[in-house]
Amino acid sequence: MKGLTKRSDDFAGWYTDVILKAELADYAPTRGCMVIRPYGFGLWENMVVQLDRMIKETGHQNAYFPLLVPESFFQQESEHVEGFSPECAVVTHGGGKKLEENLMVRPTSETVICSMYAKWIQSYRDLPVLINQWANVFRWELRPRLFLRTTEFLWQEGHTAHATEAEAEDETLKMLDVYRVFAEEYMAIPVIPGPKTESEKFPGALRTYTIEGMMGDGKALQMGTSHNLGQNFSKAFNINFQTREGLREFVWQTSWGMSTRTVGAIVLVHGDDKGLVMPPRLAPYQSVIIPIWKDEAERAAVLPCVDQASKSLQGVRCKVDDREQYGLGWKFSEWEVKGVPLRVEIGPKDAASRQAVVVRRDTGAKQAIPLDRLGDEVRTLLGTIQREMFERAAAFREQQTRRVDEYETLKRVAAEEGGFIHAHWCGSAACEATIKEETKNTIRCLPLHRERESGRCVSCGAPSDGRVIFAQAY
RNA sequence: CGGGGCGUAGCGCAGUCCGGUUUAGCGCGCCUGCUUUGGGAGCAGGAGGUCGGUGGUUCAAAUCCACUCGCCCCGACCA
């Protein structure tokens, strides 16, 4: 692709170029906002279809709550207000008049939803409440980046209410695992699930769990979060219920979200110098057929083969690129930057031998496949690509991960190598802050299934019983 | 919000320092026609601009000055 910044030259510039040239998105006239273009939205829609299915399969129902939240509602949970106020947009006027009460544009929907839950929940028989909504939210970010951090973004936010603390914790972890499976099996991105530290948790939550992925430059990206809200919101919004025993209790809540940011993760993890590489299970087009001919005779020979190929690819999201105004090189480059997993070329030579030339986007590997086996082979190849993309990402993460025991080493690795650093940490916010200050690395999470290992905090030397993950984050 | 950079045709840029043969150019793209097609095709013709905005200096401003708006990159805050 001409004009595409090399990934190794300037990773950030490359990222922006890929998104623009692949036509995933474009800058909007509104500051900090972007337009998700049809190709990018097609990817998001495929993600939505799968994630939505998984959310429903775990017993949740979709609903929709309003974009605007009365300021007074928003202010009911103190930690929540403190965390979100700086990044909220506020509506002060409506219908040409100053409003009696300001309306917050939701940065997340806990408060409106809780106000409704207070109304809907009376008895233990009303529990659990398992609701999800697909929505847009606004966070006034100071430094926007396409997909990764935009003022408005799309996401899914689940909000549940339970009778017991244990049930809420189960729900929190269950949805975290839904995210893990989605990231690994659909996005082909290995992630590390685990709780956030106190300083990194969601404002108002008891505990926040995250799935952390490693991007192609070794930096970490939080790809989804699941919060155990405890009774913080139910107390603030008075969401109580009568137990079987006749007692009044506050519900235990969770919330969890995954956003369009993850589209950025797909670019950052799988992309290369030619552009995007789409994981087959989410790709808007899984294959593109490019017919080749230079006169009517060849066209007549090739077209039936294209039809046959196209028919044999039933069930594969396939596009036939028969645009005549573009040359072959142009088409190849275009579908490469867009990351279509498989390119199927059919020209006169192929037509003569009843075959197609199939080229993998991820490896560039090229092979001739007889037309009568094309459907099966393509389906198999798509599976192989999906699996190998995950394996490559996992191998890369492995290669960019260090175990470090000395603070000096941590500093050096953080400065010179980047990537994930597994190190001991005593659990104090002070050490966490010092390390962040001095190395730009933050604790991404305490891996859920980390091995018990006694050691000493890299910062203060106090005892620790397991390693945490440090990394520079997006 | 701090530091840096950039706003000139749809996109990418030159011209700005040192104001004046500049009628504001170039490449790509776009439109018309013909020829082309196994890795970004060729020829011919054509359309397209309040030089980000406002104000100032001057006989004369894309060019100098002031203010302003917007965007990008790097930090602090965040999904």
Side-chain angles (χ1 to χ4, degrees), chain A residues 1-5 10-17 20-21 26-34 82-88 107-108 135-157 179 196 199-203 208 210-213 220-227 255-265 274 290-296 298-299 302 321-337 343-352 355-357 359 364 366 368 436-437 440 442 444 472-474:
Chain A
M1 187 62 159
K2 280 180 185 160
L4 187 63
T5 303
D10 171 9
F11 196 82
W14 165 83
Y15 172 76
T16 305
D17 279 1
L20 262 20
K21 290 192 189 296
D26 201 354
Y27 291 103
T30 320
R31 182 193 177 85
C33 294
M34 66 172 178
E82 203 182 315
F84 279 109
S85 288
E87 47 184 333
C88 279
T108 178
N136 58 338
V137 287
F138 284 75
R139 296 185 189 176
W140 214 259
E141 298 296 345
L142 300 173
R143 202 181 136 199
R145 299 207 49 195
L146 294 168
F147 288 108
L148 300 176
R149 223 176 6 242
T150 46
T151 296
E152 179 183 12
F153 59 92
L154 305 182
W155 74 346
Q156 141 292 301
E157 49 180 325
Y179 290 155
K196 284 283 187 191
S199 71
E200 299 263 339
K201 79 174 171 54
F202 178 79
T208 288
T210 174
I211 51 168
E212 294 285 321
L221 183 74
Q222 178 172 306
M223 291 172 55
T225 46
S226 186
H227 316 291
S255 70
W256 25 273
M258 190 180 249
S259 74
T260 38
R261 163 179 265 196
T262 50
V263 171
K274 288 180 170 178
I290 302 184
I292 301 162
W293 60 65
K294 60 173 173 293
D295 55 41
E296 275 309 310
E298 289 187 357
R299 180 190 158 101
V302 167
D321 185 359
D322 55 2
R323 295 173 299 173
E324 303 207 18
Q325 66 270 39
Y326 293 107
L328 284 176
W330 175 276
K331 292 181 184 178
F332 291 173
S333 300
E334 176 169 350
W335 295 115
E336 277 166 359
V337 79
R343 179 174 80 228
V344 178
E345 303 170 20
I346 302 176
K349 291 178 219 159
D350 304 308
Q355 64 168 29
V357 173
V359 185
K366 198 180 271 201
K436 180 178 179 179
E437 177 74 21
K440 305 285 172 220
T442 51
R444 302 319 304 157
Q472 213 183 115
Y474 269 96

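All chains are named by letter (A, B, ...) in the order of the sequence lines, taking the proteins before the strands, and each is independently numbered beginning at 1. As the structure is a prediction and not an experimental result, all values here were calculated from the model.
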Discussion item. Hydrogens and angles aside, do A/D17 and A/T5 bring a side-chain donor and acceptor to less than 3.5 Å of each other?
Written reply: yes

Worksheet, complete the sentence: Separation of B/A41 atom P from A/F332 atom CZ, nearest Å, is 12 Å

Worksheet item: Aromatic rings A/H227 and A/F202: how do their planes relate, parallel, tilted or perpendicular, breaks at 30° and 60°?
Response: parallel

Fill in: Nearest-Å distance for atom pair CH2/C1', residues A/W330 and B/G38
19 Å

Worksheet item: Just checking A/G347: base, sugar-phosphate only, or nothing, at a heavy-atom cut-off of under 4.0 Å?
Response: base

Worksheet entry | Distance, C1' atom - from B/C6 to B/G46, rounded to whole angstrom | 32 Å

Worksheet item: Is A/D350 touching bases, backbone alone, or none of the nucleic acid, heavy atoms closer than 4.0 Å?
Response: base

Discussion item. Do A/K201 and A/T225 have side chains that approach each other closer than 4.5 Å (heavy atoms only, starting at C-beta)?
Written reply: no

Worksheet item: Between B/U37 atom C1' and A/E298 atom CD, what is the distance in whole Å?
Response: 9 Å

Fill in: Base-pairing assignment for B/A24 (Watson-Crick or G-U wobble, both under 3.5 Å)
none

Worksheet item: Rounded to the Å, how far apart are A/K294 NZ and B/G42 P?
Response: 19 Å

Worksheet entry | Euclidean distance for C1', B/U63 against B/C18 (whole angstrom) | 10 Å

Worksheet entry | Identity of whatever pairs with B/U63 - Watson-Crick or G-U, under 3.5 angstrom | none

Item to complete: Find the partner of B/A41: check Watson-Crick (N1-N3 plus N6-O4 or O6-N4) and G-U wobble (N1-O2, O6-N3) distances, both under 3.5 Å, and reply none if neither fits.
Response: B/U35

Discussion item. Using atom C1' in both nucleotides, what's the gap between B/A62 and B/U50 to the nearest angstrom?
Written reply: 12 Å

Response to the item:
A/D321 CG to B/U37 P, in whole Å, measures 18 Å

Practice prompt. Flag the pair A/Y326 / A/I290 as yes when at least one side-chain heavy-atom distance between them is below 4.5 Å, and no otherwise.
Written response: no

Fill in: Assigned partner base of B/U57, Watson-Crick or wobble definition, under 3.5 Å
none

Discussion item. Output the rounded distance in Å from CD1 (A/I346) to C1' (B/U37).
Written reply: 16 Å

Worksheet item: In the strands shown, is B/G7 matched to any nucleotide by a Watson-Crick or G-U wobble pair with both distances under 3.5 Å, and which?
Response: B/C69

Item to complete: Could you measure between the two C1' atoms, the one in B/C64 and the one in B/G2, and give it in whole Å?
Response: 29 Å

Worksheet item: For atom CH2 of A/W140, is the number of surrounding heavy atoms from other residues, nucleotides or ligands below 6.0 Å larger than 12?
Response: no

Worksheet entry | Complementary nucleotide of B/G2, counting Watson-Crick and G-U pairs under 3.5 Å | B/C74

Worksheet item: Contact class for A/V137 (heavy atom, under 4.0 Å): base, sugar-phosphate, or nothing?
Response: nothing

Fill in: B/U57 and B/C65, which share atom name P, separated by this distance in whole Å
15 Å

Discussion item. Please report the distance, rounded to the nearest Å, between CD1 in A/I292 and C1' in B/G38.
Written reply: 5 Å

Discussion item. Does A/R299 reach a base, just sugar-phosphate, or nothing at all? Heavy atoms under 4.0 Å.
Written reply: nothing

Fill in: Nearest-Å distance for atom pair CG/P, residues A/D26 and B/G10
14 Å

Practice prompt. Using the P atoms only, state how far B/G27 lies from B/C67, rounded to an integer number of Å.
Written response: 38 Å

Fill in: Complement of B/G29, any strand, by Watson-Crick or G-U distances under 3.5 angstrom
none

Discussion item. Return a single string for nucleotides 72-79 of chain B, one symbol per nucleotide in 5' to 3' order, where B is base contact, S is sugar-phosphate-only contact and - is none, cutoff 4.0 angstrom on heavy atoms.
Written reply: SSSBBBBB

Item to complete: For B/C13 versus B/G49, give the span between their C1' atoms, rounded off to a whole number of Å.
Response: 15 Å

Worksheet item: Between A/R261 and A/F153, is NZ or CZ placed under 6.0 angstrom from the six-membered ring centre and within 45° of the ring axis?
Response: no

Worksheet item: Which value, in whole Å, describes the distance between the C1' atoms of nucleotides B/U8 and B/U22?
Response: 13 Å

Fill in: Residues A/K349, A/V357; criterion side-chain contact (heavy atoms from CB on, under 4.5 Å); working and verdict
CA-CA 10 Å; A/K349 291 178 219 159; A/V357 173; over 6 Å; no

Worksheet item: What distance do A/D321 atom CG and A/K331 atom NZ have between them, rounded to the nearest 0.5 Å?
Response: 4.0 Å

Practice prompt. Just name whichever nucleotide pairs with B/C18, Watson-Crick or G-U, keeping both distances under 3.5 Å, else none.
Written response: none

Practice prompt. Measure distances between side-chain N and O atoms of A/E336 and base N and O atoms of B/G39, and say whether any donor-acceptor pair falls under 3.5 Å.
Written response: yes

Worksheet item: Going by an N to O cut-off under 4.0 Å, is there a salt bridge joining A/E336 and A/K21?
Response: no

